[in-house]
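Read the structure below first, then the notes.
No hydrogens, no waters, no symmetry mates; every other heavy atom, side chains included, goes into these values. Throughout, protein chains are lettered first and strands after them, A, B, ... in sequence-line order, and every chain is numbered starting at 1.
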Amino acid sequence: MRTHSGPIAEGSKPTLSMKEQRERLPIAQGRDALIREIRENDVTVLVGETGSEIPQYLLEAGIAGDGMIAVTQPRKVAATSLATRVATEQGVALGSLVGYSVRFDEASSSSTRIKYVTDGMLVRELLSDEALSKYSVIIIDEAHERTLRTDLLLANLKTIQKKRNGDPEGSRSSRTGKEKARVERRNPLKVVIMSATLDAEKFSKYYGNAKVFQADYVDSAMRTFFQIHIDQTPGDVLIFLPGQEDIENLEKTIQLFAKRLPAQTPGVAIYPMYAALPPSQQSAIFLPAPHGMRKCILATNIAETSITIPGIKYVIDTGKCKEKRYLSRDSGTGFDTLLTKDITQSSAMQRAGRAGREGPGFCFRLFTEDAYHSMPLSAEPEIRRVTLTSSLLQLKCLGQDLETLEFIDKPDPDSIASALSTLYLLGALDDTKSLTPLGRQMAHFPLEPSYARALLASFSHSCPSDVISLLSVLSTSSKLYVDTTSNREEAAESRRKFRAGSGDHVTLLNVLRAYEEVKEQVKGKERKEWCKAQFLNERCLNEALEIRSQLRGVCERFQLDWRDSVGEQKQGGDEAILQSMLAGLVNQAAFLQADGSYKQIMGPETIKIHPSSSLCDKKVPAIIYDELVYTSHIYARGVSAISRSALQELAVFRRRET
DNA sequence: GAGCACTGC
């Protein structure tokens, strides 16, 4: 196993529109932060970047002033080919704005601002100009290779910076103060060290704890991929990314750049992989890539443990993942967060181990060794991360308690308070925190307590059959709607016919009703076609039907007749179903505010309706929702409109709470 | 204007 990172050695096919293209790519996103970092620091250590983009950024941002930017490379061929590539990207002739200088070969002129040189060449220049005064920025690429000439250069640059930039700690006060310091800084030198991950800290310490800048991980994943693609032997590549959005972005950029590779370079076959991907596309990753192409899989941590993809030779690990975590409120109105975080050490090892199961393998980690050591060893136990409502109800049935039971890791007191509050609101616990008969009955259903409560409430609204069907769909483990960003519009359009005015809950019910009709009328293959045409996951629908018969079975055991249904009566029917749901979703309700956002009825948060909801952009006085997830905003998902009269029923709960 | 992965009943 080897960890390293470096430049894309070969250039792309000359295309004048490339610069334009590049600017429209997501690559440009991390750029501003990077510029700021270099502007503010005399020395910057850059991790996971390569020497082709940075000098162009710096020049465009005016950081080089009137001086030149030198980019050093350990090898001549890299210096010349990078210069060629960058000149092409800038749309200029080689040797004008962008040039190079290596032994026996030079392409530069008085107008040259970015010059690619071998490190040996720059060492030689020291002999004629000790301060390297014509350069205002020197970028040391491939610093981790630690060639003798690079090390010589690094030592000299330290001295040169003291002379040209002034010594921040030492001599400034002993001289004539401010004026002298200003004079000294007239031609300051910026040093940018591009290094592979593991060595970054060493360079930083050498330069008095210089700032280490971690490049954007999607961007560096792309660069690392092309470096492998161009420099390394054939073999499949697996890239770990946190989520669907990053995967889709990276897929686009790789595809764009792959098109511009020289004709002799093999093509790239990209396979995205994440749980929400339609099953047919998921299975594609197990097929061999088309002849002569390199297979590149972009995956979430689904490829870390759940699935094993054979034949992976190279792994690129961004070191990031998404983590779902419950943020408790003792009122029970907390919400889930779904944010990008650093992975754990065990996860990093697991990811590295995905390479080379059938032969030698390589892992390229886009994080430093220090970063690795500051990662937690392993994931925090679930008891610390998730809502405990369901477990608390079960413990209560066993005569036990979250507060008194001795756990390996104690649950968070807020989380316990949140669970207690929710169960009390649902009527599962009384005001002495004791289990009620209702609570015991709820616990018999294999459902979240809120859904169990909704199920039981449906009997008084004469619609248990409908609510049980709905809850079955809500309880499935897989996703019902299968769509990706590209076909999202089309998928939404084809499912429009299921849409209910009241919102997502009855819409789901309509989908299941429609599937049942189709199931009665047509056979397997046609049924499959039907699901595909509506962008529905048939496995999910069948799972829902299984759950439904289980739930009906539980009802029967308790002599509850589940057959009542609102049937086809539209208006009143929806109302009855949502009234039942409301009984379970008591603290999952919000009301409309003047600015169009919604505010939790029992909690403090302002929330938005998730864009995937049929009620998104619709203004209704009040809503109930299945879940609240904080990503870029606090989004409510699975949303239905509730009436004012329903809202009044909530007021009863609120009074009881106080 | 947008979803990490599991599991159990």
>> Using a 4.0 Å heavy-atom cut-off, does A/L338 contact any base of the nucleic acid, only the sugar-phosphate backbone, or nothing at all?
In response: base

>> Rounded to whole Å, please give me the gap between CD in A/E543 and P in B/dG8.
In response: 11 Å

> Quick one: do A/E538 and A/K532 make a salt bridge, cutoff under 4.0 Å?
Replying inline: no

> Within the structure shown, what part of the strands sits under 4.0 Å from A/S612 by heavy-atom distance: base, sugar-phosphate, or nothing?
Replying inline: base

>> Under 4.0 Å, counting only non-hydrogen atoms across every strand here, what does A/K479 touch: a base, just sugar-phosphate, or nothing?
In response: base

> Between A/Y274 and A/D617, which has a closest nucleotide on DNA chain B that is more 5'?
Replying inline: A/D617

> A/N537 has an atom CG; how far is it from atom C1' of B/dG3, in whole Å?
Replying inline: 15 Å

>> Nearest to the A/T631 side chain among B/dC9, B/dG3, B/dA5, which nucleotide is it?
In response: B/dG3

> Does the distance from a Lys or Arg side-chain N to an Asp or Glu carboxylate O, for A/K322 and A/D246, drop under 4.0 Å?
Replying inline: no

> What class does the angle between the rings of A/W530 and A/F498 fall in, given that below 30° is parallel, 30 to 60° is tilted and above 60° is perpendicular?
Replying inline: perpendicular

>> Counting the atoms with a prime plus P, OP1 and OP2 as sugar-phosphate, which does A/F445 contact under 4.0 Å by heavy atoms, base, sugar-phosphate, or nothing?
In response: nothing

> Rounded to the Å, how far apart are A/L277 CG and B/dA5 P?
Replying inline: 10 Å

>> In this structure, how many angstroms lie between the P atom of B/dT7 and the CD1 atom of A/I302, rounded?
In response: 10 Å

> Tell me: NZ of A/K322 to P of B/dA2, nearest whole Å?
Replying inline: 11 Å

> Which atom pair, heavy atoms only, marks the closest approach of A/I316 to A/L366?
Replying inline: CG2-CD1, 3.9 Å

> Within this structure, what is the CD-to-P distance between A/Q550 and B/dG8, rounded to whole angstrom?
Replying inline: 12 Å

> From B/dC9, B/dT7, B/dG3, pick the nucleotide closest to the side chain of A/R637?
Replying inline: B/dG3

> If you find the nucleotide of DNA chain B closest to A/M273 and the one closest to A/P611, which residue's nucleotide is nearer the 5' end?
Replying inline: A/P611

>> By the 4.0 Å heavy-atom rule, please label A/E323 as base, sugar-phosphate, or nothing.
In response: nothing

> Which nucleotide sits closest to the side chain of A/E448: B/dG8, B/dG3, B/dA5?
Replying inline: B/dG8

> How close or far is atom P of B/dC4 from atom NZ of A/K341, stated in whole angstroms?
Replying inline: 16 Å

>> Rounding to an integer number of Å, can you tell me how far A/L339 CG sits from B/dG3 P?
In response: 10 Å

> Is there a side chain to side chain contact (heavy atoms under 4.5 Å, CB included) between A/F257 and A/R223 once you walk through the steps?
Replying inline: CA-CA 10 Å; A/F257 276 91; A/R223 291 159 198 286; over 6 Å; no

>> Checking contacts here: which listed nucleotide (B/dA2, B/dC4, B/dA5) is nearest the side-chain heavy atoms of A/S306?
In response: B/dA5

> If you check the A/N301 side chain, which of B/dA5, B/dG3, B/dG1 turns out closest?
Replying inline: B/dA5

